Amino acid sequence: MGKTIWSMCGMCSVRCPIKVEVDDGDISWIEGNPHILDRALCPKGSAGKALYNDSERPQTPLIRRSGRGAGNWDPVSWETAIDYIGEKLERIIDKYGARAIMMSCRGGPWADLYKAFIHALGSPNFTNHDSACGRNVHHASLSIYGLGRKGFVYDIKNAKHLVLFGRNILAALRVAEVNQVMDMLDQGGTLTYVDVRQTLTGVKAQNFFQVKPGTDYALALGMINEVLRIGAYDKEFVDKYTIGFEKLEEFIQPYTAAWAAKECGVKEKKIKSFVEQIGADRPKVIFHPGWMLSRYRDSFYHSRALQILNVLMGNIETKGGQIFAKGPGDCGVKGLRTLDSQIPKPEEKRADGVGWKYKHFDKGPGLFHLFYDTMTTQDPYPIKALICHRHDPFNCFPDPQAQKDALANVDLLISVDTHYSEFGWFSDVILPESTYLERDTGIATQKGPKPRFIVRRKAVETRFNTKPGWEIYKLLAERMGVGKYFPYETIEDYWNWQLEPTGFKIEDFDEKGFVSLTDKPIMYDRENLEGKFKTPSGKIEIISSKLEDAGLPSLKPYEPPCKPPKGKFRLVFGRSPIHAHGHTINNPLLNELLPENTLWINKRVADRLGLNDGDLADVVSDTFKGTVKVHVTEFIHPEAVYTVHGFGRQVPLQSRAYHAGLSDQKLMEGLLLHMDEAGGGLCLCEKFVTVRRSPRNPRRSVEL
Ligand SMILES: Nc1nc2c(c(=O)[nH]1)N[C@H]1C(S)=C(S)[C@@H](COP(=O)(O)OP(=O)(O)OC[C@H]3O[C@@H](n4cnc5c(=O)[nH]c(N)nc54)[C@H](O)[C@@H]3O)O[C@H]1N2
Ligand SMILES: Nc1nc2c(c(=O)[nH]1)N[C@H]1C(S)=C(S)[C@@H](COP(=O)(O)OP(=O)(O)OC[C@H]3O[C@@H](n4cnc5c(=O)[nH]c(N)nc54)[C@H](O)[C@@H]3O)O[C@H]1N2
Ligand code: SF4
Ligand SMILES: [Mo]
């Protein structure tokens with residue numbers, strides 16, 4: 001007899017609501033929740049069943065038997081693994097204090113569980129992946145609005161014009177957003193796309209700017225200059241809600257459209273005609289502030305400039321613009337109860353320096369990469385244990401070898417993962433979490449104009465000796481004597497405990513998988529937004545007091561990017577719609593669709609190097625060399641080479657992914673601490689590589 005399970009996809013961190021059909025205990029169908037996503041799913045979401053059926057994943061807890069990374073594991077029971085970890089953590093706490101333990105996760109709606117665990121132990125050192133993802137965008141938004149990058153949602157569907165700088169929205173995707181972009185285009189909206197190469201998104205755009213790599217900030221400044229010059233902005237909104245506009249007028253003088261055109265390698269006429277278009281389309285114009293903007297030295301200021309353009313368009317709290325993300329409080333509903341809020345905040349200062357050494361950064365998750373510095377210098381204190389939950393630092397941060405060197409000072413490395421991650425393979429203990437189709441997860445809040453509570457429910461029984469996160473942390477907490485902070489025995493207890501203040505019951509989720517907290521979208525009165533901007537002044541801060549207090553400019557003069565040294569190319573990267581970072585490369589279905597990456601290279605350059613499409617090339621960094629097939633194309637800037645991130649994996653038990661393709665991470669030698677000091681994001685596109693024809697046999701593309 002078939003049944004329907006309402007759940008949430010776990011193939012990437014977007015976590016789309018899904019409907020799963022189960023027949024005779026097996027998955028027969030997965031689709032997007034029809035109430036929210038009109039049944040749509042992306043290729044990865046459709047490959048969830050292949051993940052469930054894949055046996056090339058850890059099947060029971062594993063404890064390392066010989067040297068780190070050697071791949072010799074003792075399969076053990078959960079009891080043994082938890083006890084092993086417990087003993088080691090106790091020893092570390094005795095000798096160095098609880099602060100020597102750090103925990104990192106992939107952020108998102110369930111971070112409460114992991115944060116609660118590390119705080120219950122008494123350590124302040126909770127962190128996540130974001131310094132290699134959206135930290136620049138987050139901090140830029142905080143500095144302007146006092147609200148982080150999730151403080152607004154974009155009403156793309158109703159926009160007249162969507163402007164994307166390197167935001168490859170149709171490939172680096174969230175299903176709901178793709179639906180909205182397609183609706184906007186159907187309704188006659190305009191798409192403007194900026195990239196160093198042509199993409200799935202670029203081919204749908206009416207305006208496409210191919211810029212010289214690393215010059216986006218110049219283009220954004222040129223646009224601001226032109227907007228002000230022709231007066232294509234909302235003066236009333238700017239007067240009412242911003243501070244620092246006069247300083248912007250002064251600062252922007254030299255950055256004319258003509259100047260930007262020259263700097264970026266685009267046409268002045270095109271910038272001017274674009275500004276005329278948005279002048280006519282405003283306020284329904286959205287400048288996406290970027291998602292993964294840990295790329296260049298000035299990405300933080302680039303994101304700030306995009307936000308300034310949003311403010312000039314006056315697009316805040318308007319249909320077709322940026323809308324404040326509403327939460328339960330806006331609907332007169334109390335929020336979910338959280339575990340972390342019941343635990344006394346550790347008083348120690350963070351080991352990454354965030355909050356005391358770096359006061360302008362969001363203290364929440366701090367900046368993971370700075371912990372590597374702490375591990376090496378032991379300043380302000382040693383770090384002796386690292387727990388990574390749903391996070392693979394070796395595939396996330398640059399230069400895995402530099403990371404391994406720092407980790408030599410850390411006594412205990414734990415990976416809580418559904419797969420063997422690159423970090424997991426090197427670690428001391430792997431705790432296998434059940435895949436998303438095999439586990440329940442706590443209730444989450446999804447903010448927006450129509451906020452909701454949503455739950456992930458398990459669709460099928462676990463195939464192996466794996467456990468869900470809520471149980472893993474309960475077991476660990478009990479072993480460490482802090483079980484009282486995890487006041488549940490079953491998932492139903494946990495759900496009820498979370499829901500208690502809200503007035504909802506778990507049965508309310510049976511019908512659609514979520515509960516909507518309002519019938520109609522909530523919009524604030526745009527004429528009366530006082531108190532909504534959480535900056536020190538309560539205004540939109542074009543000039544940010546927090547930045548200025550930290551000795552950083554709010555409006556930074558433009559500096560051109562370094563030119564690639566002779567014979568070298570700037571290494572840039574991005575996503576394919578088929579994969580989610582590195583963890584889907586071994587998925588049997590997705591691997592069939594895209595088994596390896598290629599190196600995109602400009603045709604003229606390839607001709608000079610004697611490379612034809614499909615040839616094997618050696619890509620060389622300082623000491624690392626990778627070999628990959630080239631994709632010769634006219635549609636990439638000649639200064640750059642591009643590859644899909646996540647390949648070149650080294651875990652032998654993942655036979656499909658093993659050594660297939662090129663690892664961008666390993667090429668990024670020396671970038672581990674190369675941080676944008678204002679935004680905290682890493683500068684991942686600041687690496688130059690050489691490319692040459694490989695002497696290897698082109699028919700054997702998989703390196704063994
Ligand atoms: N399918 C899929 N979707 C995903 C993910 C995934 O792994 N797979 N991951 C999700 C996550 S975590 C994130 S953060 C987002 C990332 O979302 P995005 O930031 O939109 O995605 P990317 O593909 O990393 O980068 C986009 C583009 O930046 C371009 N680029 C490089 N240098 C420059 C430059 O100097 N100027 C400009 N204008 N462009 C440049 C690259 O060519 C690339 O096409 O995607 C999310 N969605
Ligand atoms: N060179 C380069 N570096 C990058 C990027 C890039 O494009 N190029 N992208 C950056 C960006 S935007 C991001 S967001 C980061 C991503 O970096 P990470 O977050 O570290 O990468 P992921 O591969 O998404 O996932 C991490 C781990 O989560 C595991 N996992 C998946 N599902 C589950 C689950 O349900 N439970 C548990 N416990 N584990 C699970 C996967 O197996 C994987 O090992 O990398 C960043 N680093
Ligand atoms: S975007 Fe795709 S992989 Fe990510 S959660 Fe949604 S359906 Fe799943
Ligand atoms: Mo990301």
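Computed over heavy atoms, backbone and side chain alike; hydrogens, waters and symmetry mates excluded. Whatever order the structure lists ligands and atoms in, that order sets their numbers, starting from 1. Please read these numbers as outputs of a predicted model, since none were measured by experiment.
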So, regarding [X] and ligand 2 (criterion: nitrogen or oxygen to nitrogen or oxygen, under 3.5 Å), is there a contact or not?
X      : result
Ser434 : no
Val416 : yes
Glu433 : yes

Which bit of [X] is near ligand 1, meaning a heavy atom under 4.0 Å away: side chain, backbone, both or neither?
X      : result
Ala171 : backbone
Arg575 : both
Ser576 : backbone

Check your understanding: Do you see an N/O/S atom of Cys42, backbone or side chain, under 2.8 Å from atom 4 (Fe) of ligand 3?
Key -> no

Give the atoms of ligand 3, by number and element, whose distance to some non-hydrogen atom of [X] is under 4.0 Å.
X      : answer
Leu173 : 1 (S)
Cys12  : 1 (S), 3 (S), 4 (Fe), 5 (S)
Met11  : 3 (S)
Leu41  : 7 (S)

Point to revise | Aromatic Phe368 / basic Arg135 pairing, under 6.0 angstrom, 45° off normal | key: no

Point to revise | Cation over ring face, Arg197 and Trp600, 6.0 Å, 45° | key: yes

I'd like to know if [X] contacts ligand 1, where contact means a heavy-atom distance under 4.0 Å to any ligand atom.
X      : answer
Lys44  : yes
Cys685 : no
Cys12  : no
Gly290 : no
Cys42  : no

To check your reading of the model: name the closest protein heavy atom to [atom], its residue, and the distance in Å.
atom                    : value
atom 32 (N) of ligand 2 : Thr418 OG1, 3.5 Å
atom 42 (O) of ligand 2 : Asp417 OD1, 2.6 Å
atom 47 (N) of ligand 2 : Cys396 O, 2.6 Å
atom 36 (N) of ligand 1 : Asp216 OD1, 2.6 Å
atom 14 (S) of ligand 2 : Arg106 NH2, 3.0 Å
atom 25 (O) of ligand 2 : His583 CD2, 3.6 Å

Option of least heavy-atom distance to [atom] (set: [options]):
atom                    : options                        : answer
atom 44 (O) of ligand 1 : Asp195, Ile169, Asn168         : Asp195
atom 4 (C) of ligand 1  : Val178, Leu173, Val137         : Leu173
atom 21 (O) of ligand 1 : Ala172, Gly582, Gly574         : Ala172
atom 31 (C) of ligand 1 : Arg167, Arg295, His637         : Arg295
atom 13 (C) of ligand 1 : Tyr217, Phe209, Trp291, Trp600 : Trp291

Review point. Between NE2 of His583 and CG of Asp417, what distance do you get to the nearest 0.5 Å?
Key: 8.5 Å

Test: [X] and [Y] ion pair at under 4.0 Å:
X      : Y      : answer
Glu56  : Arg656 : yes
Asp298 : Lys556 : no
Arg649 : Asp392 : yes
Glu461 : Lys458 : yes

Point to revise | Proximity to ligand 2 by part of Met292, non-hydrogen separation under 4.0 Å | key: side chain

With only distance considered, is [X] within less than 3.5 Å of ligand 1 through an N or O on each side?
X      : result
Tyr642 : no
Lys212 : no
Gly214 : yes
Thr215 : no
Phe573 : no

Review point. For Glu592, does the CD atom have more than 12 heavy-atom neighbours from other residues, nucleotides or ligands under 6.0 Å away?
Key: no

**Study point:** Per-atom contacts, ligand 1 versus Thr199 - under 4.0 Å to a heavy atom
**Key:** 44 (O)

Check your understanding: With a 4.0 Å cut-off on heavy atoms, is Met11 touching ligand 2?
Key -> no

Review point. Does Tyr436 have a heavy atom less than 4.0 Å from any atom of ligand 2?
Key: no

